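The structure under discussion appears below in the form of structure tokens.
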Protein chains: 2
Amino acid sequence: MTVLQGRLADRDAWSAVGECPVEKTMALLGTKTAMLIMREAYYGTTRFDDFWRRIGVTKAAAAARLSELVDAGLLERRPYREPGQRSRDEYVLTAAGEDFMPVVWAMFEWGRRHLPNRTPLRLAHADCGAEASVEIRCEKGHRVPPDELVVRTVRS
Amino acid sequence: MTVLQGRLADRDAWSAVGECPVEKTMALLGTKTAMLIMREAYYGTTRFDDFWRRIGVTKAAAAARLSELVDAGLLERRPYREPGQRSRDEYVLTAAGEDFMPVVWAMFEWGRRHLPNRTPLRLAHADCGAEASVEIRCEKGHRVPPDELVVRTVRS
DNA sequence: CTGTATCCTAGTTGATACTG
DNA sequence: CAGTATCAACTAGGATACAG
């Protein structure tokens, strides 16, 4: 499958190189609740009450994860005011939060295809109506199959 | 951002529709160790001893996660024999395991871009040498930006 | 090299009650 | 509606020892 290329002879040294971004990302977002909050945000949810009820977790869990996601810069608290109500906060996606979409939708697609379920939900491209999914592509636009993907080092 | 389309008037019902694949995927693979095992498998690791040492977890944790990944069908135990040694098992990727690549590499790319780190590692397309990343595309080949992605229901 | 067994700690979550 | 505060349950993971 994937082949490692670069200057490091000792494969064991790779894991230490700069500390893996996968590991750091999991440390930050590797909980069921955080991932589902992001899914909800992509669905368009912004209010606290909608988050915890739609996800099906307790308010305590939702509040803890929401705060972490705000601190991590994926969501932003933005004040809003319903007519006749006091000002409250809603949680809106930041650019970094939108950039996280491939992770969530890649999980969605993998689960949809490889786990038993009957979800009628599909990703689609609004502009042309075709179904969408998550793929690995190179800068030249080629689709990159597993056996053509390599991990290599770049010199700083 | 993402807009929900379909026949369901009540947004609260969406989360219940078929049970979300993201949630199921997280239940199965939502641990740091499982995700790093998949990363290692993509790096080309197949031996038990390499897995736990390169990932930096205990043998107990690695063994538990490896068994789960085998049960879930992402990895397969395959007997091999070193000359003069008894037969042992190695862990090799299945088709379902390869399909999981977009999840791991999407995390890799997000972490690399949005978390402080100096990893010199980059994904690349072996055939043409260009850098690679994970993107959302529709069947017609259009790149789908966040605001053009929708989730809709299909009738069974 | 490829694990298993045991004990212990830390983090996530559920349940429930309370506040503005 | 939008949280906070507690407490208890479960699980992942580290440390260590042992085994084929």
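Predicted model, so just to flag it, every value in this text is computed and none were measured. Note on naming: letters A, B, ... go to the chains in the order of the sequence lines (proteins, then strands), and numbering restarts at 1 for each one.
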Output the distance between atom CZ (A/F100) and atom CG (A/L74), rounded to the nearest 0.5 Å. 7.0 Å
Cut-off 3.5 Å, no hydrogens considered: what does the side-chain donor-acceptor table look like for residues 25-38 of chain A, sequence neighbours left out?
| unit_1 | atom_1 | unit_2 | atom_2 | d |
| --- | --- | --- | --- | --- |
| A/T25 | OG1 | A/P21 | O | 2.7 |
| A/T25 | OG1 | B/M107 | O | 3.3 |
| A/T31 | OG1 | A/A34 | N | 3.1 |
| A/K32 | NZ | B/E23 | OE2 | 3.3 |

Considering residues at least two apart in sequence or located in another chain, which fulfil the side chain to side chain donor-acceptor pair (under 3.5 Å) criterion with A/R112? A/E109
Using the side chain to side chain contact (heavy atoms under 4.5 Å, CB included) criterion, which residues pair with B/R88? Sequence neighbours excluded. B/Y80, B/Q85, B/R86
Would you say the side-chain atoms of A/K140 pair up with the backbone N or O of B/G129, donor to acceptor, closer than 3.5 Å? no
Just to verify, what does B/D89 make a side chain to side chain donor-acceptor pair (under 3.5 Å) with, not counting sequence neighbours? none
With sequence neighbours left out, which residue pairs that include part of residues 125-148 of chain B fulfil the ring pair (Phe, Tyr, Trp, His ring centres under 6.0 Å) condition? A/H125-B/H142, A/H142-B/H125
Taking C-beta and beyond as the side chain, do B/T94 and B/L75 meet within less than 4.5 Å on heavy atoms? no
Partners meeting side chain to side chain donor-acceptor pair (under 3.5 Å) with A/E76 (sequence neighbours left out): A/R78
Tell me every residue that passes salt bridge (charged side-chain N to carboxylate O under 4.0 Å, His left out) with B/E139, counting only those two or more places apart in sequence or in another chain. none
Between protein and nucleic acid, restricted to nucleotides 14-19 of chain D and to nitrogen or oxygen atoms under 3.5 Å apart, what atom pairs and distances do you find?
| unit_1 | atom_1 | unit_2 | atom_2 | d |
| --- | --- | --- | --- | --- |
| D/dG14 | OP2 | B/T58 | N | 3.3 |

What integer distance in Å separates B/F48:CZ from D/dG20:P? 17 Å
I need the CG-C1' distance between A/D50 and D/dA2, as an integer number of Å. 12 Å
Could you tell me if the side chain of A/P102 sits less than 4.5 Å from the side chain of B/P102, heavy atoms only? no
Within this structure, what is the CD1-to-P distance between A/I37 and D/dA2, rounded to whole angstrom? 14 Å
What is the bend of the helix from C/dC1-D/dG20 to C/dG20-D/dC1 when you compare the axis at one end with the axis at the other, using five pairs each and rounding to 10°? 40°
Look up atom CZ in B/R77 and atom CZ in B/F48, then write down how far apart they are to the nearest 0.5 Å. 10.0 Å
Is the shortest side-chain N/O distance from A/Y91 to OP1 or OP2 of D/dC1 below 4.0 Å? no
Whether the side chain of A/W110 engages the backbone of B/A96 through a donor-acceptor N/O pair (distance < 3.5 Å, no angle test) should be reported. yes
What is the distance, rounded to the nearest whole Å, between atom CZ of A/R88 and atom P of D/dT4? 13 Å
Euclidean distance, atom CZ of residue A/R54 to atom P of D/dA2 [Å, nearest integer]: 11 Å
Using side chain to side chain donor-acceptor pair (under 3.5 Å) as the criterion, list what pairs up with A/R137, not counting sequence neighbours. A/E135
At under 4.0 Å between heavy atoms, what does A/F51 touch on the DNA or RNA strands: base, sugar-phosphate, or nothing? nothing
In residues 71-79 of chain A, what residues come within less than 4.0 Å of DNA chain C, judged by heavy atoms? none
In this structure, how many angstroms lie between the C1' atom of D/dA12 and the CG atom of B/L29, rounded? 14 Å
Between CG of A/D89 and P of D/dT4 the distance, given in whole Å, is 11 Å
Interface limits on DNA chain C, where chain B has a heavy atom under 4.0 Å of a nucleotide atom: C/dC1 to C/dA5
Pairwise 5' ranking along DNA chain C for B/E90 and A/E68, keeping only the more 5' one: B/E90
Give one of base, sugar-phosphate or nothing for B/D49, where a contact means two heavy atoms less than 4.0 Å apart. base
